J.: 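Just passing along the structure, written as structure tokens.
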Amino acid sequence: MIKALKKAGEFFGSIRVAIILLIIITAVSFFGVIIPQELPQELYIHKWGSMAGRAMLTAGMDHVFSTFWFYLLLALFCCNILVCSSTRLWKNARNSVRKSFLPGKSSFGQFRHSMTLSSKKESRAAQEAVVAYLKKHLYSVKVQHGEAGVQIAARKGLLKDTGSLVFHISIVILLAGGLVGTRYGYSVVKQLNKGQVTAVPGRSFLVRCDWFKLERNDDGSIREYLSKLTVLSPEGSPVVDKIIAVNDPLTFQGIRFYQSSYGQDPEKASDVALRISGPALPGQGFDGTVPYDSVFRLPNTDITVLATGFIPDFIIDMETRQASSRSEEPNNPAVKVMLFRGKDTLYNHWAFFKFPEQHAENKAYKVIVDSYTPSYYTGIQIRRNPGEPVIWFGILCMTLGILAVFYISRRSLWILIESKPAGNSEITLGWTSSKAAGDSQKDFEKTGASLKEILR
Amino acid sequence: MASHAIVQSDVEFFWLSFIAYSAACLLYVVFLAVGRKKISFAATGLMGIGLVLQTMAIILRSVAAHHLPLTNMFEYISLFAWFAAILYFVSLKVYRMQIIGAFISPVIFMLMASASLLPKDMSIRLMPALHSYWLQIHVSVAALGESAFVVGFAANIMYFIKKALPQDSAFGNRMPDLKKLDLVSYKAVTVGYPLFTIGALFAGAIWAEQAWGTFWSWDPKEVGSLIVWLVYTAYLHARLVRGWVGTRAIVLSSIGFLCTLLTFFANLVLGGLHAYG
């Protein structure tokens, strides 16, 4: 029973299974790219026919990457990596750090790369020269005195195998971080007008949009869009504020606020440019911009103006005299302009941006509207991702791991120094390297030649 | 007006380098047919001239646009070709096989030809999502990784041709032996794989987190890059652990390269968040 389990575990952690899983995940991903994802279900039936379309929907091909079987596949992949890491990769990493000596001279025969040198130096001097050389070339060196002679075990690039272990485990870390994020995090987009306050899910603080600004290039294309956000305490007092832009979010207590989009509120304007004149108005009259939906006192007068009730596509019901909008398109934008002195209404008419002269005057006043600035709202993505630190850690591990695996090469050198009766010595070298065969041979020959030189 | 003049000259340098690369490609073909050493030297020289001219083009464009030219498909594909040319000279230094040029130059030619068909307008004004230094890191490191895959693929093609030729054909003898080609192909992947992982996947994910508020969103180009990564991962495991060498390994790494090409052009066809130009 235990034997069978062990065997199953071995199979499960094998490279063969890893490669099969890689191929399956690749194939699934491929389908996830060529089949458009997350569309309305009817479209799949329409495109692939009733039978195939329904089968695809049942299998979840419209949302491949969030189906339970895709998660299962990733879970299997993680298990495979963990089994593989805890057995083979762990053993490799451990062995690469341990320095083992060879049992005897005959073991040197097993190396693909080996050579024998003879030196006029006696054993002790030869040993010192070799150790000095190896240390200079950043090998970690261990020496053992045995019956056969002095044995030196030297290694370099020990982090390669550790890197490989870290690299593999970091895949599991990354997937775990992703899972935590999807499972326990959230992401919502809120549309905020200027001055609007919104609650933040799962937190007691609030956030207010103080303003939103579109910056344009000279050709009219959008260069940047910015929102000033202020975090408010539950009582309403400001805590932090920041001007956010695309690529520059605000982070507060684990919640991140992104500038994600913007849009135009068709039923509002942000200000109106108009001209007011008439016999009853002292001086030159007024020519300027007034804020929308808020009372504005005309300079040097006791008259106030209010522009309100913006309608993008004006239509009026002749029976009820009720004004409304035909559409959200600014086909016939209109705004109601009112003038007051104290409690008295002096003027109250619709003003039309496309037909400024129409209905523009009563006996005493004339109001001409020139233009209006559309009212933009800002789209703020509010996101909490508790998996984020895990993902950062995973990225860090995987980067370090991958650099170690690909840019460090492990070299192990075993050297046996035997004393000869004539006072000289014989040196046997054995070499392994993680490099490809040709390069490994080249390295070995180079090292051998250097050792020969110093042992002369 | 001054910047307009520079724009003109950068595209002119692009065309000149395209001509030099094309001529190099042609000479390499002649070299394959005739086998004169002198011809291959001339071809390599032309490649070098092409590289210098293209470097000029890239510098001029960067100066005029005030940012590295990585913001549309024309700029990206020419950068890809530029890296491939640089890596050819690196491989020349390491392996001393001019004949690799005969297989890289057609790829460079095709890249430059497809770049030449695309609009070459310079975007001085970038859309807000591209206002980030991650643009430079993500795009250039990913392109460098992918160009290493190009070098590997050139070696794969040579492998297939050499394998298909009868033994002792004069043409086949001009090529390096199969073992060496297999090694070049493998080495190119070991250079490209870490760069691709860090540049395309990680730098991309970090930037996506900043700009779009999510590390990963299963966008077609993201999944495409993941597929490339998975295939090359399978290749490395098959080779390093299960000892795959020769034809089997070459086929697998060629599949990896075809996926790279598909992903490379995927945003033009499939749209998604990477559909920037």
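Chain identifiers are assigned alphabetically (A, B, ...) following the order of the sequence lines, protein sequences preceding nucleic acid strands; residue numbering begins at 1 within each chain. Everything numeric here is computed off the predicted structure, so don't read it as measured data.
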J.: Please tell me if the side chains of B:Val223 and A:Phe65 come closer than 4.5 Å, counting only heavy atoms from C-beta onward.
T.: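 Yes, their side chains come closer than 4.5 Å.
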
J.: Given heavy-atom pairs under 4.5 angstrom as the criterion, report whether the side chain, backbone, both or neither of A:Phe257 touches chain B.
T.: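 No part of it gets close to chain B.
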
J.: Does anything in residues 227-249 of chain B reach chain A? List residues with heavy atoms under 4.5 Å apart, or say none.
T.: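 Expected list: B:Ile227, B:Trp229, B:Leu230, B:Val231, B:Thr233, B:Ala234, B:Leu236, B:His237, B:Ala238, B:Val241, B:Arg242.
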
J.: Name the member of B:Gly224, B:Ala205, B:Cys259, B:Ala211 that forms the most heavy-atom pairs with chain A at distances under 4.5 Å.
T.: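 Heavy-atom pair counts peak at B:Ala211.
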
J.: What residues of residues 14-27 of chain A sit under 4.5 Å from chain B when you count only heavy atoms?
T.: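 Expected list: A:Ile15, A:Arg16, A:Ile19, A:Leu22, A:Ile25, A:Thr26.
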
J.: In terms of heavy-atom proximity below 4.5 Å to chain B, should A:Gln381 be classed as side chain, backbone, both, or neither?
T.: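 For A:Gln381, the contact with chain B is made by the side chain alone.
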
J.: Is the number of heavy atoms from other residues, nucleotides or ligands within 6.0 Å of CZ (A:Phe12) greater than 12?
T.: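 More than 12 heavy atoms, drawn from other residues, nucleotides or ligands, come within 6.0 Å of this atom.
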
J.: Within the structure provided, determine whether B:Gln210 and A:Tyr258 are in side-chain contact (heavy-atom separation under 4.5 Å).
T.: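 They are not in side-chain contact.
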
J.: Measuring heavy-atom distances to chain B, does A:Ile171 have an atom under 4.5 Å in its side chain, in its backbone, in both, or in neither?
T.: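 Side chain only.
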
J.: Within the supplied structure, the quantity of interest is the number of heavy atoms (other residues, nucleotides, ligands) at a distance under 6.0 Å from A:Phe393 CZ; does it exceed 12?
T.: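 Atom CZ in A:Phe393 is not crowded, with 12 or fewer foreign heavy atoms closer than 6.0 Å.
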
J.: So, taking the atom named OG1 in B:Thr214 and the one named CZ in A:Arg256, what distance separates them when rounded to the nearest 0.5 Å?
T.: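 Here the rounded value is 12.0 Å.
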
J.: Quick check: are there more than 12 heavy atoms from other residues, nucleotides or ligands sitting under 6.0 Å from CZ of B:Phe160?
T.: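 Enclosed.
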
J.: Using heavy atoms and a sub-4.5 Å threshold, report which of residues 186-203 of chain B line up against chain A, by residue number.
T.: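 Within residues 186-203 of chain B, the residues that come under 4.5 Å of chain A (heavy atoms only) are B:Lys187, B:Thr190, B:Val191, B:Tyr193, B:Pro194, B:Leu195, B:Thr197, B:Ile198, B:Phe202.
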
J.: So A:Asn385 and B:Phe215, do their side chains get closer than 4.5 Å, heavy atoms only?
T.: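 Yes, their side chains come closer than 4.5 Å.
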
J.: Please check if atom CZ in A:Phe31 has more than 12 non-hydrogen atoms from other residues, nucleotides or ligands closer than 6.0 Å.
T.: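 Counting neighbours around CZ of A:Phe31, 12 or fewer heavy atoms of other residues, nucleotides or ligands fall under 6.0 Å, so no.
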
J.: May I ask you to list the residues in residues 79-87 of chain A that approach chain B closer than 4.5 angstrom, counting heavy atoms only, ordered by number?
T.: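 So far as heavy atoms go, nothing in residues 79-87 of chain A approaches chain B to under 4.5 Å.
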
J.: Just give me the residue among B:Trp134, B:Trp216, B:Trp207 that pairs up with chain A most often, heavy atom to heavy atom, under 4.5 Å.
T.: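 Among the listed options, the one with the most contacts to chain A is B:Trp207.
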
J.: Give, as side chain, backbone, both or neither, the part of A:Ile391 having an atom under 4.5 angstrom from any heavy atom of chain B.
T.: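 The answer is the side chain of A:Ile391.
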
J.: Between CH2 of B:Trp218 and OG of A:Ser29, what distance do you get to the nearest 0.5 Å?
T.: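 Spacing of CH2 (B:Trp218) from OG (A:Ser29) equals 6.0 Å.
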
